[in-house]
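A quick write-up on the structure given underneath.
Values below: all heavy atoms of this structure, side chains included; hydrogens, waters and symmetry mates excluded. Position 1 is the first residue of the sequence, and the numbers go up from there.
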Amino acid sequence: MAEVTLKDVALASGCSIATVSRVLAGTRPVGVDTARTVREAAERLGYRPNQVARALRSRSTGTVGLVLPQITNPFFPSLVRELEHALHAEGRAVLLADCDDDPVTEAARIGAFLGRRVDALLLIPVDERRSREAVASAAAQVPLVLLDRGCGPGVADSVAVDNAAGMALVLDHLAATGRRRPCFVGAAGTASAAVERRAAYEAGVAALDPEAPGRVALGDFSVEWGRAAVDRLWPSRPDALICGNDLIAAGALQRLRQLGADVPGEVAVTGFDDIPLAGLADPALTTVRQPVGELAAEAARLLGRRPSAADPGPRRTIRLAPHLVVRASSDPAGVSPARRPGCPEGA
């Protein structure tokens, strides 16, 4: 079937090719009746713009490259969904790449997107230090926004939840429910979210127990590590396991149940992120909810405010307020899910 062209739409609408082009590209104002006639003709004929030709003319591909550390982490698909919706509303398409938590692969994926001439990049960096060189290089070439994790000050615009505020909500809740022997189960390495959550625990937990800052077990953000951590920690009988994300917490809950532990009677368990699995766990998981929709909207807004990599404006850092969702894994009364506000948004 032959491709419908601007000339075909012009003949069907009775307008010039130049007028049809202005209407469909939205480059110049056209009368309301004329615009309606052109659009009706284009729709009737099934006209679709040639994006390749448009990109060659405008030097813009209308695409944004999105690089993720690990698509199997359930937090990331929900974020991808919100990002795709936010960018689609602006007429941009999203290209997705998974780097399997490897900084070398991450750098290669970034390079591949730049080779495809994406207009901008969104990135959740694998590691705060080891990702920095590739991120800084890319940010000098196209607008780039970091999501959920950072690469140090001044490297690129970034938006993330306030991890310290989220951990403070957890600690306040556990203190209010009488927990006094907590320990932290998190991820090793220098991914900024892992570092910030661990640091916030160590800074705030001494109010519950002066010995608690030293009770830290580090592995990775996985269900398997949550199970293994319980085997390591349960003989010392902590009364709360504060987990660095919901996957760790899900594994911890599973292993505690296998060991016959009473959750939350003997030990409370908390997570971070509020992935769908959190509400389905047994018992349902108390966790810190990340505002995924706001993260996506702010990322799109930041891309729009920096039209080119050469923009001399300062790098912007946005931190969004988390919410504590209290469920049965930490509350003896089995409180139904409730939001508890975090700190105000800052920049």
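Residues F75 and N245 have side chains not in contact (no heavy-atom distance under 4.5 Å, counting atoms from C-beta outward). The closest side-chain heavy-atom distance from L277 to P74 is not below 4.5 Å. For the pair T177 and S330, the minimum side-chain heavy-atom distance is 4.5 Å or more. Taking 4.5 Å as the limit, every side-chain heavy atom of L96 sits out of range of all side-chain heavy atoms of V67. When side chains are defined from C-beta on, D282 does not count as touching L253, because their heavy atoms never get closer than 4.5 Å. Between L256 and L241, some side-chain heavy-atom pair lies under the 4.5 Å cut-off. Contact of the R319 side chain with the S158 side chain is registered, since non-hydrogen atoms from C-beta on lie closer than 4.5 Å. Inter-residue side-chain proximity for L147 and L123 is flagged as unmet; no heavy-atom pair is nearer than 4.5 Å.
Looking at D274 and R327, a side-chain N of the basic residue comes within less than 4.0 Å of a carboxylate O on the acidic one, giving a salt bridge. Of the charged side-chain nitrogens involved, none lies within less than 4.0 Å of a carboxylate oxygen, so that R257 and D262 do not count as a salt-bridged pair. One finds no salt bridge joining D239 and R180 here, because no Lys/Arg side-chain nitrogen approaches an Asp/Glu carboxylate oxygen to under 4.0 Å.
A distance-only check finds no donor-acceptor pair linking the side chain of R149 to the backbone of L146 [under 3.5 Å].
When the side-chain hydrogen bond (donor to acceptor under 3.5 Å, both in side chains) test is applied to E106, the partners found at least two apart in sequence or on another chain are S131. Checked against side chain to side chain contact (heavy atoms under 4.5 Å, CB included), A164 has the following partners two or more places apart in sequence or in another chain: D162, A200. Looking at residues two or more places apart in sequence or on another chain, you find no side-chain hydrogen bond (donor to acceptor under 3.5 Å, both in side chains) involving S329.
Taken together through direct or relayed side-chain contacts under 4.5 Å among Ile, Leu, Val, Met, Phe, Trp and Tyr, V23 and V4 form part of one hydrophobic cluster. In this structure, L11 is not a member of the same hydrophobic cluster as V30, with clusters built from ILVMFWY side-chain heavy atoms closer than 4.5 Å. Under a hydrophobic-cluster definition in which Ile, Leu, Val, Met, Phe, Trp and Tyr are linked whenever side-chain heavy atoms come within less than 4.5 Å, directly or via other members, I124 and L320 are assigned to the same cluster. Cluster membership check: L169 does not share its hydrophobic cluster with V269, using side-chain heavy-atom separations under 4.5 Å among Ile, Leu, Val, Met, Phe, Trp and Tyr. Placement of V20 and V32 in two distinct hydrophobic clusters is found when ILVMFWY residues are connected by side-chain heavy-atom separations under 4.5 Å, directly or transitively.
Of the N and O atoms on the side chains of T286 and H173, not one donor lies less than 3.5 Å from an acceptor on the other residue. A donor-acceptor contact under 3.5 angstrom links the side chains of T287 and D246, judged on distance only. Side-chain contact of T34 with T37: a donor-acceptor pair under 3.5 Å is absent, judged by distance alone.
Atom CG of L324 sits about 10.0 Å away from atom CZ of F272, to the nearest 0.5 Å. One finds the CG atom of N163 at 4.5 Å from the CZ atom of R197 (value rounded to the nearest 0.5 Å).
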Apply side chain to side chain contact (heavy atoms under 4.5 Å, CB included) to the pair E294 and E82, showing each step before the final yes or no. CA-CA 9 Å; E294 290 180 62; E82 294 294 339; over 6 Å; no

Decide yes or no on salt bridge (Lys or Arg N to Asp or Glu O under 4.0 Å) for D119 and R92, but give the supporting numbers first. CA-CA 9 Å; D119 294 336; R92 297 189 180 197; 5.7 Å; no

Check against salt bridge (Lys or Arg N to Asp or Glu O under 4.0 Å), E84 and R81: CA-CA 5 Å; E84 198 279 332; R81 178 177 183 273; over 6 Å; no

Passes side chain to side chain contact (heavy atoms under 4.5 Å, CB included), T5 versus Y47? Steps please. CA-CA 7 Å; T5 66; Y47 172 77; 5.7 Å; no

Check against side chain to side chain contact (heavy atoms under 4.5 Å, CB included), W225 and L247: CA-CA 9 Å; W225 166 235; L247 290 178; over 6 Å; no

Evaluate side chain to side chain contact (heavy atoms under 4.5 Å, CB included) for T105 paired with D100, printing each intermediate quantity in order. CA-CA 8 Å; T105 302; D100 203 24; 5.7 Å; no

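With F184 as the aromatic partner, R215 does not meet the cation-pi criteria of under 6.0 angstrom to the ring centre and within 45 degrees of the ring axis.
Checked options L233, V230, I242; the residue passing with V185 is L233 (criterion: side-chain contact (heavy atoms from CB on, under 4.5 Å)). L83 pairs in a side-chain contact (heavy atoms from CB on, under 4.5 Å) with only one of the listed residues (V64, V94, V292, L66), which is L66.
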